[in-house]
Amino acid sequence: MASSTPTYRLTLQGRDITPTLDARLISLTLTECRGDKADQLDIALTDHDGALQLPGKGVELTLAIGWAGEALIDKGTFTVDETEHSGAPDTITIRARSADLGKSLRTRAEHSYHGTTLGAILKKIAARHSLTSRIDGALAARAIAHIDQAGESDLNFVTRLAKRYDAVATVKHGHLIFLPINGTKTSAGESLPTLTLTRADGDQHRYHTSDRDAYSGVRAYWHDGKHAKRRGVLIGLSGNAKRMKESFADESTARTAAKAEWQRLQRGASTFELTLARANPLLAPQTPVRVTGFKPQIDSDKWLCITVTHSIGDGGFTSKIECENESTDSSDSGKVQDSDAEEN
């Protein structure tokens, strides 16, 4: 029989402080996010006797969570950047964020890349921050004729590249990770297992869908230097096609960006949220999920976790997932037009 007792391991600068904090724990909440947004750890402790010391900013915490009698799941390293003491009753609240998303990645820089590949660019960025790059092979091979990084942090630049190539980019455990959003493998090449959740597992849920035909496609523009014209490429269908504001260096880059935007729009057309009464610590961003026991439209879709929140407290040990529809239509009309041509 599965244990009903939640457990965790918390270290401070490498020292296990779980026994000290366990009797004082009010709540522990971990929010794991996809992409450039840092994971966040919030801990509330009772200081009823005034015996606790406030942790200094910049100290590192590591967290693993799970159920008693089962292997704990490592959730990474976090840097304390906020502390609060309030009362009465006296309470200390600690907020820490992913240690890997440090200041150097957020510092603005000037770089220009020409006649290279996406993989080569990402490896240079990783090297600047003493990170190891883990990049999907197909994405790494994508040719880039020219791109500028003007007054933009490496973190923002990598996020921009991820959006252009419909990828998820993040920094975890000393690695710069760049993988397809709809990929089914980890950065180490291991397959991501699909987790099946039933309605009986859930406490609350919310399904939302919007009109998938709000946009019929996406149109991106590029500069045709040979003919001195601004031209457009269409992914999907004309009609109510979304027009991207950025102008791209060539047709191939414009097509890639339009395709990525079209897939992003479709994924966001349906969303699903579920709170599990009994937490599953294996849930993390990019986990593929199947659900059963809901409406046929919900059960038939493939879901991809984008945000996962694990909470330990008076409410027990719960997990909340926010998902988007994994299924996309990546159809490419291949239609290229001058910007002033009739768009139909």
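Atoms considered below: every heavy atom in the structure, side chains included; atoms not considered: hydrogens, waters and symmetry mates. Throughout, numbering of the chain's residues begins at 1 and tracks the sequence.
Side-chain contact of H175 with R134: a donor-acceptor pair under 3.5 Å is present, judged by distance alone. Looking only at atom types and distance, the side chain of T253 has a donor-acceptor partner in the side chain of D250 under 3.5 Å away. There is a side-chain donor-acceptor pair under 3.5 Å between S238 and R219. Looking at S86 and T91, their side chains never bring a donor and an acceptor atom within 3.5 Å of each other. With no hydrogens or angles considered, a side-chain donor-acceptor pair links D16 and T18 at under 3.5 Å. S319 and H310 form a side-chain donor-acceptor contact under 3.5 Å, judged by distance and modelled atom types alone.
Scanning all heavy atoms of the two residues, the minimum distance from I321 to V308 falls at CG2-CG2, 4.1 Å. The minimum heavy-atom distance linking L265 with K242 is given by the pair CD1-CD, 4.0 Å. Here the closest non-hydrogen pair linking A241 and S216 is N-OG, 3.4 Å. Shown here for A169 and V158, the closest heavy-atom pair between the two residues is CB-CG1, 3.5 Å. Nearest heavy atoms, A257 versus F248: CB-CZ, 3.4 Å. Scanning both residues, D136 and A138, for their nearest heavy atoms gives OD2-N, 3.2 Å.
Contact check for L54 versus I92: side-chain heavy atoms found under the 4.5 Å cut-off. Side-chain atoms of L61 and I43, non-hydrogen and from C-beta on, do get closer than 4.5 Å to each other. In this structure, the side chains of N156 and R108 stay at 4.5 Å or more apart for every pair of heavy atoms. By the 4.5 Å heavy-atom criterion applied to side chains, D81 and K57 are not counted as neighbours. P285 is not listed as a side-chain neighbour of C305, based on a closest heavy-atom distance of 4.5 Å or more. Between L21 and L10 there is a side-chain heavy-atom pair separated by less than 4.5 Å. V59 has its side chain within reach of L12: a pair of non-hydrogen atoms, C-beta onward, lies under 4.5 Å apart. Between F78 and L30, the closest side-chain pair of non-hydrogen atoms falls below 4.5 Å.
Counting non-hydrogen atoms of neighbouring residues, nucleotides and ligands closer than 6.0 angstrom, the CZ atom of R160 exceeds 12 such neighbours.
Not a single donor-acceptor pair under 3.5 Å links the side chain of T62 to the backbone N or O of T77. Side-chain atoms of T159 come within 3.5 Å of backbone atoms of L155 as a donor-acceptor pair (strictly under, hydrogens ignored). Side-chain atoms of D74 come within 3.5 Å of backbone atoms of G76 as a donor-acceptor pair (strictly under, hydrogens ignored). With Q286 contributing its side chain and I181 its backbone, the two residues share a donor-acceptor pair below 3.5 Å. A donor-acceptor contact shorter than 3.5 Å links the side chain of D201 to the backbone of T198.
Residue L118 holds its CG atom at 6.5 Å from CG of L139, rounded to the nearest 0.5 Å. Here the CG-CG distance, from L276 to L195, works out to 10.0 Å after rounding to the nearest 0.5 Å. The CD1 atom of I65 sits 9.0 Å away from atom CG of L72, with the distance rounded to the nearest 0.5 Å. Atom CD1 of I94 and atom CG of L28 lie 10.0 Å apart (nearest 0.5 Å). The line from CZ of R264 to CD of E261 is 4.0 Å long, rounded to the nearest 0.5 Å. Annotation: the span from L274 atom CG to R199 atom CZ amounts to 9.5 Å, rounded to 0.5 Å.
In this structure, R278 satisfies the cation-pi test against W67, with its NZ or CZ atom closer than 6.0 Å to the six-membered ring centre and inside 45 degrees of the ring normal.
Applying the salt bridge (charged side-chain N to carboxylate O under 4.0 Å, His left out) criterion to D203, with sequence neighbours excluded, gives no partner residue. Under the salt bridge (charged side-chain N to carboxylate O under 4.0 Å, His left out) criterion, R142 pairs with no residue at all, not counting sequence neighbours. D49 meets the salt bridge (charged side-chain N to carboxylate O under 4.0 Å, His left out) test with R24; sequence neighbours excluded. Partners of H114 according to the ring pair (Phe, Tyr, Trp, His ring centres under 6.0 Å) rule, which considers only residues two or more places apart in sequence or in another chain, are H146. Residues that satisfy the ring pair (Phe, Tyr, Trp, His ring centres under 6.0 Å) test with H205, not counting sequence neighbours, are F294.
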Quiz item: Which is it for F178 and L161 under the side-chain contact (heavy atoms from CB on, under 4.5 Å) test, yes or no, and what are the steps along the way?
Solution: CA-CA 10 Å; F178 201 92; L161 289 172; 4.2 Å; yes
Practice problem: Go through the steps to decide whether D166 and R267 satisfy the test salt bridge (Lys or Arg N to Asp or Glu O under 4.0 Å), and finish with yes or no. | Solution: CA-CA 11 Å; D166 203 31; R267 282 195 304 272; 2.8 Å; yes
Exercise. Check the pair R164, E246 against side-chain contact (heavy atoms from CB on, under 4.5 Å), reporting the backbone distance first and the verdict last.
Key: CA-CA 11 Å; R164 177 177 294 186; E246 184 178 356; 2.9 Å; yes
Quiz item: Going through the distances and angles, do I121 and F157 end up as a side-chain contact (heavy atoms from CB on, under 4.5 Å)?
Solution: CA-CA 11 Å; I121 292 174; F157 182 59; 3.9 Å; yes
Quiz prompt | Check against salt bridge (Lys or Arg N to Asp or Glu O under 4.0 Å), E324 and R34 | solution = CA-CA 12 Å; E324 64 183 11; R34 183 173 75 186; 3.0 Å; yes
Practice problem: Could you walk me through whether W222 and S252 pass the side-chain contact (heavy atoms from CB on, under 4.5 Å) test, one step at a time? | Solution: CA-CA 9 Å; W222 57 286; S252 176; over 6 Å; no
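Using a 4.0 Å cut-off between charged side-chain N and carboxylate O, R231 and D224 make a salt bridge. A salt bridge links E32 to K75: one of the charged nitrogens lies within less than 4.0 Å of a carboxylate oxygen. Residues R97 and E82 are paired through a salt bridge, judged by an N-O separation under 4.0 Å between the basic side chain and the carboxylate.
With hydrophobic clusters built from ILVMFWY side chains whose heavy atoms lie under 4.5 angstrom apart, L179 does not share a cluster with L283. Residue I73 is not grouped with residue I312 when hydrophobic side chains (ILVMFWY) are merged at heavy-atom distances under 4.5 angstrom, including chains of intermediate members. Hydrophobic clustering of Ile, Leu, Val, Met, Phe, Trp and Tyr side chains at less than 4.5 Å, counting indirect connections, unites I17 with V80. When the side chains of ILVMFWY residues are joined at heavy-atom separations under 4.5 Å, either directly or via intervening members, I306 and L282 end up in two distinct hydrophobic clusters.
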Enumerate, atom names and distances included, each donor-acceptor pair closer than 3.5 Å involving a side-chain atom of residues 122-131, sequence neighbours excluded.
residue	atom	partner	partner atom	Å
R128	NE	D154	OD2	3.3
R128	NH2	Y113	OH	3.2
R128	NH2	D154	OD1	3.0
R128	NH2	D154	OD2	3.4
H129	ND1	S104	OG	3.0
H129	NE2	D154	OD2	2.6

